[in-house]
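Beneath this line is the structure, given in structure tokens, with notes to follow.
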Amino acid sequence: MKDSPDFDSKIVTDHRRQWRDCRYVYPVISRRARGVSIGVNLNLDKRCNFACVYCQINRRLRRELFDVEIPQLAHELDLAIAVALSGELWNEDRFAATPPELRRINDIAFSGDGEPTSLPLFDEAVSAAAEALKRHGLIKRGVKIVIITNATNLQSPQVQRAFDVLDTSNGEFWMKLDAGSQEFFKRINRPSGGMTLDYICENILSVARQREVVIQTLFSRIDGNPPAPAEIDAYCDRISQLLAGGAKIKLVQLHTVARAPSESFVATIPNDQLDSIAAAIREKISTVPLEIYYGCDTPPQQK
Ligand code: SF4
């Protein structure tokens, strides 16, 4: 499936993480969600254990570390949900041009300026999201809690503690896999602490054996070049190994750069090249649906 050509690119690329006076919560119109995704940014300090070359976060603007205040998060979630449900959201300049078919809440998504699962209070934040959905009757309407993660912390106590709530509150993991070889992984994701791609895949497998997951992949041009065919092959091999190991992969999302990256040597892959990469993946991984997310012409301001 491809992006709807009807989407106004300015609407779907405006992912500013500041909304009203909120600290953690920011509604956006999401291409992936095809509706409102209520973002939760727990990483106000902009820390991440990856330093992906395509990341749009400027970590030179890192802020002080501070704890997540769960009551404040719960209050902001209630506000965002209420404003979207009442229709008040569409009166705001940023959302006024949202087409009618996208005026629906699809999910609460934990992503933000770093890796959300690294926060010790991650499970409490997930519980706050589940409670907010319940208060507004949205669990039974299928509104999800999406955890967008680089899959480095899935064995941590705070993630282990969150599984029960996620599994009973439409929880879904969207896990990053941008490489097939360790060398490319180090070059693109630039992990800290000697992290290996094997370890990431073990983590993905441990979660995906128990529940359906989404794999998110972003390929970009580095110094003008897309990933080599051998790297795409190695990436397909990783997916095949996950499937052979029992991973329930419901979808692969293939992205390229859609928002201005902090590294100047990184660029969007043109649509025709991304189509070729998608075709190569589909040829090798025929059992998993693949969605393509092209780059956007109008990237928002770099943070
Ligand atoms: S894992 Fe996400 S937040 Fe961290 S560097 Fe990569 S893209 Fe940025």
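Ligands are counted one by one from 1 in listed order, and the atoms in each one are counted from 1 as well.
Aromatic ring centres of Y54 and F219: separated by at least 6.0 Å. Here F185 and Y199 keep their ring centres 6.0 angstrom or further from each other.
Among the atoms of C48, an N, O or S atom falls under 2.8 Å of atom 4 (Fe) of ligand 1.
Of the listed residues (C55, P261, G112), the one carrying the non-hydrogen atom nearest atom 8 (Fe) of ligand 1 is C55.
Defined by atom type and a distance below 3.5 Å, a donor-acceptor pair is missing between the side-chain atoms of W90 and E92.
Not a single heavy atom of I57 sits closer than 4.0 Å to an atom of ligand 1.
Under 4.0 angstrom from ligand 1, the non-hydrogen atoms of K176 all belong to its side chain.
The side-chain tip of R211 points at the ring of F163 from less than 6.0 angstrom away and within 45° of straight on.
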